[in-house]
Amino acid sequence: MILQGTHCTGAAGKPWLVFLHGFSGDRREWQLPEACLGDYPRLYLDLPGHGESAHVAVHDFSDMHTLLNRTLLSYNILTYWLVGYSLGGRIAMYHACQRPDGLQGLIVEGAHPGLRDDDERAGRRASDAHWAARFRHEPLEAVFADWYQQPVFASLTDAQRRALVALRSRNNGATLAAMLQATSLAEQPDLRAALAECAVPFFYLYGERDDKFRAIARELPALGHQISHAGHNAHRENPVAVAERLAQILRLSIKDTL
Ligand SMILES: C=C(O[C@H]1C=C[C@H](C(=O)CCC(=O)O)[C@@H](C(=O)O)[C@@H]1O)C(=O)O
């Protein structure tokens, strides 16, 4: 079993860029201008429980790491950069902390490195169990209408919320719920110490209107980049700025290694 994805060819000698979307998204959400990244080979994956990987399930982060490794191998991807948004960023950070062969760099957008406090974990576990029960048993339109009222999405306009609710309601509620709990922030180790020892270049993008993750960026041993005119989902709200920043990061990092 591997994850389904879309792969795009690139210039010889360039590392693969592997994109991991956020909770309730899918591979298609990375609508980044081809002009910025087109000469890199790219793989856009659907995470377990999502898109064309809806039938794929994982039990925990270790299982997700093993599945990602198997998927990369099946695409014969031997050297790559990981680009992960939110849930995809947490999965990418966990993967990087296992020091996988072939990983050249880590770019994370608006993702949490892990909770420090057991009470916080217990609270998050209960909250994610509540959301999971709603995703399993209620109409997705009603659940996502409440989901996008969470503080992390405070910067969204009503029109942006309506568009996201319509888009995200095409998911399978039961498989979303399973992934939400299997890879809940409550189940993720606190990765801060391991990230500080991260053996590859580590970059962290955040939307200028995403107060929560702008603050988290300051705690991390990563080069932080603010994306203007954007909230939590920066690549959706300002794809040009995200693509240009990715291209700059790659250009400068790969030049340094030549
Ligand atoms: C509510 C919080 O966390 C949830 C929101 C963001 C994460 C995500 O992937 C959402 C993607 C989107 O809807 O655009 C999600 C996750 O990391 O799994 C969280 O469950 C919060 O305040 O951190």
Side-chain angles (χ1 to χ4, degrees), residues 19-31 44-51 53 58 60-61 64 82-95 108-117 120-121 123-136 140-141 143-157 160-171 173 175-191 204-207 209-217 219-220 227 230-239 242:
F19 290 83
L20 304 179
H21 60 78
F23 177 71
S24 75
D26 66 36
R27 71 179 99 162
R28 295 168 296 180
E29 75 174 62
W30 298 98
Q31 296 296 318
Y44 302 91
L45 290 174
D46 283 340
L47 291 176
H50 293 73
S53 301
V58 291
D60 53 28
F61 278 87
M64 180 66 235
L82 259 189
V83 183
Y85 160 63
S86 214
L87 167 60
R90 298 195 287 112
I91 291 168
M93 289 188 285
Y94 181 94
H95 177 82
V108 168
E109 175 193 336
H112 202 300
L115 299 174
R116 293 187 177 100
D117 175 277
E120 261 193 300
R121 276 181 191 284
R124 185 60 179 245
R125 188 170 291 114
S127 172
D128 282 347
H130 173 73
W131 282 112
R134 293 198 63 191
F135 280 117
R136 287 190 177 96
L140 289 185
E141 290 80 359
V143 187
F144 279 114
D146 293 340
W147 177 265
Y148 286 110
Q149 291 297 336
Q150 297 184 95
V152 71
F153 300 113
S155 70
L156 291 175
T157 65
Q160 287 174 319
R161 281 193 178 88
R162 284 194 297 273
L164 278 165
V165 169
L167 181 64
R168 303 303 196 210
S169 295
R170 299 175 196 165
N171 278 287
T175 63
L176 279 191
M179 185 64 174
L180 181 66
Q181 291 188 286
T183 55
S184 164
L185 185 59
E187 312 310 339
Q188 177 186 315
D190 178 1
L191 299 171
Y204 194 94
L205 311 185
Y206 56 90
R209 297 195 284 263
D210 185 351
D211 297 341
K212 175 171 182 175
F213 287 91
R214 183 174 59 240
I216 285 175
E219 298 174 25
L220 292 174
I227 303 296
H232 184 59
N233 194 333
H235 66 276
R236 177 179 170 88
E237 296 176 41
N238 194 344
V242 169

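The shown structure was predicted, so the numbers you read here are calculated from the model rather than taken from an experiment. Atoms within each ligand, like the ligands themselves, are counted from 1 in listed order.
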Which pairs of nitrogen or oxygen atoms, taken one from ligand 1 and one from the protein, are under 3.5 angstrom apart?
| from | atom 1 | to | atom 2 | distance (Å) |
| --- | --- | --- | --- | --- |
| ligand 1 | 3 (O) | Arg124 | NH2 | 3.0 |
| ligand 1 | 9 (O) | Phe23 | N | 2.9 |
| ligand 1 | 9 (O) | Ser86 | OG | 3.0 |
| ligand 1 | 9 (O) | Leu87 | N | 3.0 |
| ligand 1 | 13 (O) | Trp147 | NE1 | 3.4 |
| ligand 1 | 13 (O) | Tyr148 | OH | 3.1 |
| ligand 1 | 14 (O) | Tyr85 | OH | 2.7 |
| ligand 1 | 17 (O) | Leu87 | N | 3.4 |
| ligand 1 | 17 (O) | Arg90 | NE | 3.1 |
| ligand 1 | 17 (O) | Arg90 | NH2 | 3.4 |
| ligand 1 | 18 (O) | Arg90 | NH2 | 2.8 |
| ligand 1 | 20 (O) | Arg124 | NH2 | 3.3 |
| ligand 1 | 22 (O) | Lys212 | NZ | 2.8 |
| ligand 1 | 23 (O) | Lys212 | NZ | 3.0 |

Item checked: Any donor-acceptor N or O pair under 3.5 Å, side chains Arg236, Tyr85 ->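 No, no side-chain donor-acceptor pair sits under 3.5 Å.
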Checklist line | Distance-only donor-acceptor check, side chains His235 and Asn233, under 3.5 Å | finding: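 Present: a donor and an acceptor within the cut-off.
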Next item on the list: Please name all residues satisfying salt bridge (charged side-chain N to carboxylate O under 4.0 Å, His left out) with Arg214, sequence neighbours left out, ordered by chain then number.
Entry: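 Partners of Arg214 by the salt bridge (charged side-chain N to carboxylate O under 4.0 Å, His left out) criterion, ordered by chain and then number, come out as Asp211.
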Note to self: Suppose we screen for side chain to side chain contact (heavy atoms under 4.5 Å, CB included). Which residues come up paired with Arg28, at least two apart in sequence or across chains?
What the structure shows: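 Scan of Arg28 (side chain to side chain contact (heavy atoms under 4.5 Å, CB included), adjacent residues dropped) gives Asp26, Gln31.
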Item checked: Partner set under side chain to side chain contact (heavy atoms under 4.5 Å, CB included) for Ser86, not counting sequence neighbours ->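 Only His232 meet the side chain to side chain contact (heavy atoms under 4.5 Å, CB included) criterion with Ser86.
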Margin query: Between Glu187 and Arg125, does any NZ, NE, NH1 or NH2 come within less than 4.0 Å of an OD or OE carboxylate oxygen?
Written below: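 Salt bridge present between Arg125 and Glu187.
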